[in-house]
Student: 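Pasting in a structure now, in structure tokens, and then I'll have a few things to ask.
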Amino acid sequence: MLIVQKFGGTSVKDAERLRNVARIVTDVYKGGNDVVVVVSAQGDTTDDLIAKAAEINEKPSRREMDMLLASGEQISASLLAMCIQKLGIPAISLTGWQAGFLTSSAHTSARIRRVTPDRIKKELDQKKIVIVCGFQGLSRYDDITTLGRGGSDTSAVAIAAAMHADLCQIFTDVEGVYTADPRKVKNAAKLKTISYDEMLELATLGAQVLNNRSVEMAKKYNIELEVLSSLTRAPGTIVKEANKMEKMLVSGVAKDTNVARVSVVGVPDNPGLAFKMFSKLSAKNINVDIILQSIGRDGTKDISFTVAKDNAKEAAAVMEDYASAIGAKSVLVDEKVAKISIVGAGMESHAGVATKMFEALYDAQINIRMIATSEIKISVLIDEKDADAAVSAIHSKFFDKDN
Ligand code: ASP
Ligand code: MG
């Protein structure tokens with residue numbers, strides 16, 4: 001079998017952890033498999049490099065940032081190769097470009113265009129364990145690029161796709177994907193399987209186990225992923241296509257506190273105003289999430305929407321200008337809100353899921369301020385101070401046996 005194993009920053013953070021990874025990888029190799037290992041930079045290395053750059057230049061060029069950031073993965077890859085060699089097993093580390101990663105030239109957020117794994121194959125044929133620097137590639141101008149934060153998950157999936165790997169394992173510091181944050185919710189349980197679409201929703205909702213793009217790519221090329229811990233080696237969570245399994249009514253509850261609500265009050269009730277309003281935001285590249293419009297009364301209506309917290313000030317400024325241009329009454333911003341969502345592939349064919357979620361919030365006396373739904377997700381906006389209580393109440397409603 002050809003197995004791709006990716007290890008995140010915490011799994012390779014020091015010599016002891018590297019030795020642990022070397023044991024995992026060599027065990028698989030000794031079982032007669034070909035192994036390609038993808039590594040992230042050790043621990044906080046990438047953050048530290050970004051801080052170093054900021055000390056020198058507060059607006060560093062993106063090309064030079066990529067040159068700098070790519071060095072982090074080179075450290076962990078070469079150290080891991082040495083660690084495996086020390087165990088008497090042949091290993092070689094390759095940079096992203098040696099491994100054949102061709103990317104767009106959008107420095108610091110490049111997209112993978114093609115992976116040509118000739119060199120990887122050659123090294124595997126010589127019975128070596130191949131270690132590839134995640135997160136990096138080469139543009140067509142022969143410049144080093146990086147794939148954006150958390151990009152080494154995507155590197156691993158891209159190699160698995162290009163080489164038709166039999167298995168792609170993503171090792172991290174949690175044992176898998178849980179029904180809620182296990183540090184906060186006491187009965188949170190590890191999921192055996194989750195669909196790509198649910199995982200994508202949870203990734204955007206801040207579950208933070210897998211990078212979004214890696215899940216999109218896994219879905220596109222139908223690569224099954226296993227998310228598991230490098231420390232316990234317990235079976236993890238398999239991410240795969242939904243139709244291969246029982247669709248869970250609700251797979252998980254997620255909390256997102258990186259959200260703010262902007263309301264434009266007293267908008268004249270005329271056609272075209274919503275269109276113009278949201279065009280102004282998209283022109284500034286501000287992503288809008290939940291939108292709520294009140295019923296028109298006395299010729300005016302209110303329009304509220306949510307954005308990421310770091311966009312709140314800019315969105316409000318854009319809306320202030322717009323409000324005065326169209327004669328709306330005022331613009332209100334609330335940054336003390338949180339979005340709580342439930343995700344489940346089985347929801348589209350079952351009634352009553354939303355009711356159950358709202359009942360849990362009612363039981364906990366938590367006020368809902370906005371609601372948004374999609375086929376596999378229901379989100380509510382609530383006060384930030386109620387966020388943890390809301391997650392617990394909803395989780396217990398759906399997952400505790402006595403409910
Ligand atoms: N080292 C990079 C980062 O910290 C890439 C990764 O970890 O996936 O974002
Ligand atoms: Mg990561």
Student: Quick check: do L228 and K190 have side-chain heavy atoms less than 4.5 Å from each other?
Tutor: no

Student: So F101 and I159, side chain to side chain contact (heavy atoms under 4.5 Å, CB included) or not? Walk me through it.
Tutor: CA-CA 9 Å; F101 275 82; I159 291 180; 3.5 Å; yes

Student: From E314 CD over to M319 CE, what is the distance, rounded to the nearest 0.5 angstrom?
Tutor: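 Rounded to the nearest 0.5 Å, the CD-CE separation comes out at 10.5 Å.
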
Student: For D302, does its backbone N or O pair with a side-chain atom of S294 as donor and acceptor, under 3.5 Å?
Tutor: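 Yes; judged by distance alone, with no hydrogens or angles, the pair exists.
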
Student: Can you tell if the side chain of S230 reaches within under 4.5 Å of the side chain of I24, non-hydrogen atoms only?
Tutor: yes

Student: List the residues meeting salt bridge (Lys or Arg N to Asp or Glu O under 4.0 Å) with D14, not counting sequence neighbours, and say none if there are none.
Tutor: none

Student: So, do T26 and I129 sit near enough that their side-chain heavy atoms are less than 4.5 Å apart?
Tutor: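 Contact flag for T26/I129 side chains = yes.
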
Student: Is there a side-chain contact between I326 and P268, using heavy atoms and a 4.5 Å cut-off?
Tutor: yes

Student: Can you check whether K329 reaches T300 side chain to side chain, under 4.5 Å on heavy atoms?
Tutor: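 No - every pair of side-chain heavy atoms lies 4.5 Å or more apart.
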
Student: Is there a donor-acceptor pair closer than 3.5 Å between any side-chain N or O of Y221 and the backbone N or O of A158?
Tutor: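 It does not hold such a pair.
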
Student: What's the shortest heavy-atom distance between V185 and S392, and which atoms?
Tutor: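 Minimum heavy-atom separation between V185 and S392: CG2-OG, 4.2 Å.
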
Student: Among side-chain atoms of N187 and D400, is any donor-acceptor pair under 3.5 angstrom?
Tutor: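 Short answer, yes.
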
Student: Take a 6.0 Å sphere around NZ of K280 and say whether it holds more than 12 heavy atoms from other residues, nucleotides or ligands.
Tutor: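 No.
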
Student: Can you tell me how far the CG atom of N222 sits from the NZ atom of K240, to the nearest 0.5 Å?
Tutor: 10.5 Å

Student: If we only count heavy atoms from C-beta on, is the R111 to R113 side-chain gap below 4.5 Å?
Tutor: yes

Student: Quick one: do the T232 and E175 side chains pair a donor with an acceptor below 3.5 Å?
Tutor: yes

Student: Quick one: does any side-chain atom of S379 pair with a main-chain N or O of K339 as donor and acceptor, under 3.5 Å?
Tutor: no

Student: Looking at every heavy atom in both I170 and A156, which two are closest together, and how far apart are they?
Tutor: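 For I170 and A156, the tightest heavy-atom pair comes out as CD1-CB, 4.2 Å.
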
Student: Could you tell me which non-hydrogen atom of M65 sits nearest to which non-hydrogen atom of A53, and how far apart they are?
Tutor: SD-CB, 3.6 Å

Student: With a sphere of 6.0 Å drawn around CE of M67, does it hold more than 12 non-hydrogen atoms of other residues, nucleotides or ligands?
Tutor: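 At most 12 heavy atoms, drawn from other residues, nucleotides or ligands, come within 6.0 Å of this atom.
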
Student: On a heavy-atom basis, which atom in D166 and which in M1 lie closest, and how many Å separate them?
Tutor: OD2-CA, 3.3 Å

Student: Please determine whether a side-chain nitrogen of the Lys or Arg among R119 and E123 lies less than 4.0 Å from a carboxylate oxygen of the Asp or Glu.
Tutor: yes

Student: Is E348 reaching over with its side chain to a backbone N or O of I376, donor-acceptor style, under 3.5 angstrom?
Tutor: no

Student: K127 vs D34, test: side chain to side chain contact (heavy atoms under 4.5 Å, CB included). Steps then yes/no.
Tutor: CA-CA 8 Å; K127 292 292 158 224; D34 286 339; 3.9 Å; yes

Student: Give, for atom CG of L210 and atom CD1 of I194, the distance between the pair rounded to the nearest 0.5 Å.
Tutor: 9.5 Å

Student: Where the side chain of S109 meets the backbone of G148, is there a donor-acceptor pair that is under 3.5 Å apart?
Tutor: no

Student: When you compare the side chain of F358 with that of V380, does any pair of heavy atoms fall below 4.5 Å?
Tutor: yes

Student: What distance do I291 atom CD1 and F278 atom CZ have between them, rounded to the nearest 0.5 Å?
Tutor: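 Between atom CD1 of I291 and atom CZ of F278 there are 4.0 Å.
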
Student: Please check if the side chain of S152 supplies one atom and the backbone of G134 the other of a donor-acceptor pair under 3.5 Å.
Tutor: no

Student: For residues S61 and E64, is any side-chain donor paired with an opposing acceptor at under 3.5 Å?
Tutor: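 No, no side-chain donor-acceptor contact under 3.5 Å.
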
Student: Between CG of N211 and CZ of F135, what distance do you get to the nearest 0.5 Å?
Tutor: 10.0 Å

Student: Would you find a donor on one side and an acceptor on the other, under 3.5 Å apart, between the side chain of D363 and the backbone of A393?
Tutor: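 Not at all, since once roles are kept as given, no pair shorter than 3.5 Å links the two residues.
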
Student: So how far is it from L381 CG to N367 CG, rounded to the nearest 0.5 Å?
Tutor: 10.5 Å

Student: Less than 4.0 Å between a side-chain N and a carboxylate O, is that true for D27 and R233?
Tutor: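 Salt bridge present between R233 and D27.
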
Student: Looking at E375, I want to see if its CD is surrounded by more than 12 non-hydrogen atoms of other residues, nucleotides or ligands under 6.0 Å.
Tutor: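 No, CD of E375 has 12 or fewer neighbouring heavy atoms, counting only those of other groups under 6.0 Å.
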
Student: Output yes when a side-chain donor or acceptor of S229 lies under 3.5 Å from a complementary backbone atom of L231, and no otherwise.
Tutor: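 Yes; judged by distance alone, with no hydrogens or angles, the pair exists.
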
Student: Could you check D289, L281, I290, L292 and say which one makes a side chain to side chain contact (heavy atoms under 4.5 Å, CB included) with F305?
Tutor: L281

Student: Is there a donor-acceptor pair closer than 3.5 Å between any side-chain N or O of R19 and the backbone N or O of C83?
Tutor: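 Side chain of R19 to backbone of C83, a donor-acceptor pair under 3.5 Å: no, none is there.
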
Student: With heavy-atom distances below 4.5 Å as the criterion, would you say the side chains of S341 and E201 are in contact?
Tutor: no

Student: Could you check whether S139 and S105, counting side-chain N and O atoms only, form a donor-acceptor pair closer than 3.5 Å?
Tutor: no

Student: Check R261, R369, K309, K255 against E384 for a salt bridge (Lys or Arg N to Asp or Glu O under 4.0 Å) and give me the one that passes.
Tutor: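 Single salt bridge (Lys or Arg N to Asp or Glu O under 4.0 Å) partner of E384 among R261, R369, K309, K255: K309.
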
Student: Yes or no on side chain to side chain contact (heavy atoms under 4.5 Å, CB included) for K121 and V36, after CA distance, side-chain angles and deciding distance?
Tutor: CA-CA 10 Å; K121 283 182 190 148; V36 180; over 6 Å; no

Student: Can you check side chain to side chain contact (heavy atoms under 4.5 Å, CB included) on T306 and V337, steps first, answer last?
Tutor: CA-CA 10 Å; T306 65; V337 290; 5.8 Å; no

Student: Please find the pair of heavy atoms, one from V4 and one from A165, that lie closest to each other, and give the distance.
Tutor: CG2-CB, 3.8 Å

Student: Should D153 and R213 count as an ion pair when the cut-off is N to O under 4.0 Å?
Tutor: no

Student: Output yes when a side-chain donor or acceptor of S76 lies under 3.5 Å from a complementary backbone atom of S40, and no otherwise.
Tutor: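 Side chain of S76 to backbone of S40, a donor-acceptor pair under 3.5 Å: yes, one is there.
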
Student: Between D66 and T145, does any side-chain donor sit less than 3.5 Å from a side-chain acceptor?
Tutor: no

Student: For residues H395 and A180, report the shortest heavy-atom separation together with the two atoms involved.
Tutor: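 That closest heavy-atom pairing would be CD2-CB, 3.5 Å.
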
